[in-house]
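Residue numbers count from 1 along this sequence. One-based numbering, in listed order, for ligands and for the atoms of each.
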Amino acid sequence: MPAIASSAPAKAILFGEHAVVFGYPAIAVPINELKTRVAIFALPQATPGQVKISSPMIGMDTTMDQLDPADPMARLFELIKKHFSISHFPACQIQIQSTIPVGSGLGSGASVSVAFLRALSSFMGSPLGDEDVCTYAFEIEKIHHATPSGIDNTVITYEKPVLYRKKKPISILKVKKPFELVIANSGPKESTSKTVASIREKHDQDPFLYDHYFESIGRITKNAALAIKRGDLDTLGSLFNDNQAILNKMDLSTAHIDELIEIALNSGAKGAKLTGAGKGGFVIALVDQKTRERVFRKLQDAGATDIHITTIGAPRLTQHEK
Ligand code: PMV
């Protein structure tokens with residue numbers, strides 16, 4: 001029997017991480033080179049209600065009944081049950097596959113939620129609309145860390161560059177001139193919940209300083225949105241560096257991130273910064289056709305992994321299933 005399947009991209013925050021949790025704007029983009037795919041096969045011979053789940057990237061091979069009720073996956077099932085007013089699912093096998101490195105700042109959790117919600121609702125015969133997908137995926141983000149801004153579930157649901165502000169209507173960012181990023185993994189990252197909690201603590205201890213950081217990041221983000229709309233990539237690059245300088249002062253960088261950023265800049269990138277919660281995980285570098293290969297190679301030589309070149313703003317059809 002053919003599978004019902006859905007996919008969702010990764011994401012990268014270009015500007016405004018952490019400040020966005022405190023109500024400042026941030027810019028995020030989908031990364032289509034990395035994806036989660038959820039496929040659901042009906043098991044007509046199995047006992048009704050039996051739901052098998054396999055997710056090789058996190059070593060999961062279980063059934064729905066065996067899930068801890070606090071597990072994000074268990075909560076996803078509950079949300080769908082409530083949405084459809086049902087008490088059990090038709091017997092099925094759910095396969096979750098992802099090429100997004102887990103816990104590295106590229107939104108792997110939100111990507112699984114979005115692909116899962118779309119696939120399971122389609123399997124139930126009535127695919128959820130974007131608004132419901134985004135709302136439910138946000139519920140799961142709250143399990144991952146208590147005070148998510150909502151940027152990950154939003155950009156991954158809508159698959160477009162967004163200028164995002166907490167609790168404000170989503171604003172899709174028009175990209176005048178498509179631009180290229182090299183994204184590269186610096187290595188293991190501290191958990192987002194820990195990093196977000198540490199920034200909240202620092203803000204409580206010195207609100208004057210941290211409000212100043214957030215305001216500066218907010219200004220950089222607004223200027224970056226203008227640069228993207230105007231196609232001014234030189235300005236965009238230097239704004240990456242300005243944002244990184246503040247993230248550095250907030251102690252969110254690491255020696256390896258700093259090293260990779262320096263290498264990217266010395267290899268011709270127009271700007272570079274960490275992306276996501278920081279303290280490890282991915283870096284992004286703004287490149288062009290002339291510099292991208294060199295930046296890629298030099299980052300690889302310096303020990304970065306999962307390196308990709310991605311184009312932001314290239315026209316493409318939004319298609320949840322490929
Ligand atoms: O590292 P990630 O993918 O979990 O991104 C976190 C981004 C933060 O701004 C630090 C938190 C948030 O909820 O926006």
Just by distance, with hydrogens left out, do His18 and Tyr213 show a side-chain donor and acceptor under 3.5 Å apart?
no
Backbone, side chain, both or neither: what part of Thr195 comes under 4.0 angstrom of ligand 1, heavy atoms only?
neither
Heavy-atom distance to atom 8 (C) of ligand 1: which of His18, Lys279, Lys11 wins?
His18
Nearest protein heavy atom with distance in Å, relative to atom 11 (C) of ligand 1:
Val21 CG2, 3.6 Å
Can you tell me how far apart CG (Asp152) and OG1 (Thr192) are? Round to the nearest 0.5 Å.
8.0 Å
Only heavy atoms of Glu17, strictly under 4.0 Å: list the atoms of ligand 1 that pass.
9 (O)
Looking at OH of Tyr164 and OG of Ser149, how far apart are the two atoms once the value is rounded to the nearest 0.5 Å?
5.5 Å
If you count the atoms of ligand 1 from 1 in the order shown, which ones are under 4.0 Å from a heavy atom of Ile151?
14 (O)
Note: ligand 1 atoms sitting under 4.0 Å from heavy atoms of Thr192 are 1 (O), 2 (P), 4 (O), 6 (C)
Got a sec: does the NZ of Lys298 have more than 12 other heavy atoms crowding it under 6.0 Å?
no
Protein heavy-atom partner closest to atom 1 (O) of ligand 1 - residue, atom, separation in Å
Ala277 N, 2.8 Å
Donor-acceptor check, side chain of Thr254 to backbone of Ile257, threshold 3.5 angstrom: yes or no?
yes
Numbering the atoms of ligand 1 from 1, which are under 4.0 Å from a heavy atom of Asp152?
3 (O)
Could you see if Phe77 belongs to whatever hydrophobic cluster contains Ile143? Use Ile, Leu, Val, Met, Phe, Trp, Tyr and a side-chain cutoff under 4.5 Å.
yes
Under 4.0 Å from any heavy atom of Gly105, which atoms of ligand 1 are there?
1 (O), 2 (P), 3 (O)
Check ligand 1 against Val20 and write out every atom of the ligand that is under 4.0 Å from a heavy-atom position of the residue.
9 (O), 14 (O)
Sub-4.0 Å heavy-atom contact, Lys189 with ligand 1:
yes
Where ligand 1 meets Ser149 - atom numbers and elements under 4.0 angstrom, heavy-atom basis
12 (C), 13 (O), 14 (O)
Which atoms of ligand 1 have any heavy atom of Ile13 under 4.0 Å away?
7 (C)
So, using ring pair (Phe, Tyr, Trp, His ring centres under 6.0 Å) as the criterion, who are the partners of His203 when residues are at least two apart?
Phe22, Phe214
Checking Glu33 against Thr310: is there a side-chain donor and acceptor pair closer than 3.5 Å?
yes
Test your reading of the model: is there a side-chain donor-acceptor pair from Lys166 to the backbone of Val21, 3.5 Å cut-off?
yes
Does a donor on one side chain and an acceptor on the other come within less than 3.5 Å for Ser104 and Asn185?
no
Heavy-atom distances under 4.0 Å decide this one: backbone, side chain, both or neither, for Glu141 against ligand 1?
neither
Using distance alone, decide if ligand 1 has a nitrogen or oxygen within less than 3.5 Å of any nitrogen or oxygen in His145.
yes
